[in-house]
Amino acid sequence: MSSGASPREPGEDEDPFRLLRLAVGALLFIATALALVLALLTRDPRALLLVGSFWAVYGLILGVINGILEPVIDFGVTALQNVGLLRAGAGYSAIEALVAQGHYDAAASEYLTRARAGKGDVEAMVRRSLLLGGPLRTPEAAVAELENFRDTERIRTGDDIRIGLALAELYELRLNDPGKAMGELRRLIDLHPAASSVRRARRSLALLRKERFGEAQNGPTPK
């Protein structure tokens, strides 16, 4: 046997509009009673129309509360809760914060997750390669991942150039292989000669030739 007050139903006191409903209902009950008294005293049937109007207003208010205000508030609460539960790696700025704090492995992992999501995030893959080739000191892995990403994902011209430039940088600066760097730059120039973004590849190739082989082997600087 149980003693004392009966337990409350879940959510009984969690309705933010409970008091509002009670207040509106009480006011309309009083207004209805006054309208009925007025109808009896004046014997004017128009006073009874007020009763119908009052309860129509009550129904309208309940409709607004139940159909608009409550869903909006529920959505807002859910959205705020979800924002608090989002992982730190949900965007580039959050991942870059990991980099700034020296959490290179965690940042590289987040970039890989972004790169594999959907149709493939080229920018995330390139940023990951910079971490692998830089502070994580695994440039060979960075090159392999970029080449595999380029071969397996359907990428656009701009994305191919972005990956190619990243590969050339890895070859030149991290692997000390200027021959492969120039080969990658030449591939971009030959494959996308009309692309405006390939100008960087032309300039990089000209500078690399100049640095490695001197003016005599360089020829005219590509525009």
Side-chain angles (χ1 to χ4, degrees), residues 82-83 86-223:
N82 289 339
V83 168
L86 284 177
R87 299 176 62 191
Y92 286 156
S93 59
I95 304 176
E96 288 302 315
L98 291 176
V99 176
Q101 296 166 10
H103 304 308
Y104 303 124
D105 285 317
S109 178
E110 291 292 345
Y111 275 133
L112 183 59
T113 299
R114 287 289 302 271
R116 289 175 174 173
K119 297 181 180 180
D121 190 331
V122 173
E123 181 62 26
M125 198 68 207
V126 170
R127 292 190 183 207
R128 172 178 165 82
S129 73
L130 295 177
L131 288 177
L132 294 179
L136 294 178
R137 299 182 180 180
T138 53
E140 296 87 353
V143 168
E145 286 189 3
L146 284 177
E147 290 180 341
N148 180 69
F149 186 86
R150 183 173 60 186
D151 293 340
T152 57
E153 297 287 342
R154 298 183 62 181
I155 58 178
R156 299 170 297 180
T157 296
D159 295 334
D160 186 33
I161 295 173
R162 184 79 174 90
I163 292 175
L165 291 173
L167 283 170
E169 181 176 335
L170 286 168
Y171 283 132
E172 179 189 0
L173 301 180
R174 304 302 179 184
L175 295 173
N176 194 27
D177 193 338
K180 286 189 176 181
M182 287 188 288
E184 183 62 35
L185 294 171
R186 174 50 60 188
R187 186 193 72 85
L188 294 178
I189 295 169
D190 293 342
L191 192 59
H192 310 293
S196 58
S197 54
V198 86
R199 293 174 183 170
R200 180 181 167 188
R202 291 193 177 97
R203 289 194 297 267
S204 298
L205 180 58
L207 290 174
L208 190 55
R209 282 177 173 172
K210 181 178 179 179
E211 291 173 0
R212 297 293 176 171
F213 305 110
E215 290 287 351
Q217 299 292 329
N218 186 34
T221 302
K223 295 181 181 181

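The backbone N or O of V126 sits less than 3.5 Å from a side-chain atom of S129, completing a donor-acceptor pair.
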Without placing hydrogens or testing angles, list every side-chain donor-acceptor pair under 3.5 Å for residues 130-147, not counting sequence neighbours.
| residue | atom | partner | partner atom | Å |
| --- | --- | --- | --- | --- |
| T138 | OG1 | L132 | O | 3.2 |
| E145 | OE1 | R128 | NE | 2.7 |
| E145 | OE2 | R128 | NH2 | 2.8 |
| E147 | OE2 | Y171 | OH | 2.9 |

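Atom CE of M125 and atom CG of D121 lie 10.5 Å apart (nearest 0.5 Å). Summarising the geometry, atom OH belonging to Y92 is positioned 9.5 Å from atom CD belonging to E96; distances are rounded to the nearest 0.5 Å. The CD atom of E110 sits 6.5 Å away from the CG atom of L98 when rounded to the nearest 0.5 Å. For the atom pair E123 CD and Y111 OH, the distance stands at 8.0 Å (nearest 0.5 Å).
Counting all heavy atoms, side chain and backbone alike, I161 lies closest to S197 at CD1-OG, 3.1 Å. When every heavy atom of I95 is checked against every heavy atom of A107, the shortest pair comes out as CG2-O, 3.6 Å. The two atoms that bring A168 and A181 nearest to each other are O-CB, 3.4 Å, heavy atoms only. A115 and A124 get closest at one heavy-atom pair: N-CB, 3.9 Å.
When the options V198, T157, I163, L167 are evaluated for a side-chain contact (heavy atoms from CB on, under 4.5 Å) with L188, the one that passes is V198. With respect to L205, the side-chain contact (heavy atoms from CB on, under 4.5 Å) criterion is satisfied by exactly one of R203, R209, R202: R209.
For D190, the salt bridge (Lys or Arg N to Asp or Glu O under 4.0 Å) test picks out R186, with sequence neighbours left out.
Other residues, nucleotides and ligands contribute at most 12 non-hydrogen atoms within 6.0 Å of the CZ atom of R200.
Considering only heavy atoms from C-beta on, V99 stays 4.5 Å or farther from R127 through its side chain.
Residues in residues 172-182 take part in no side chain to side chain donor-acceptor pair (under 3.5 Å) pair, two or more places apart or across chains.
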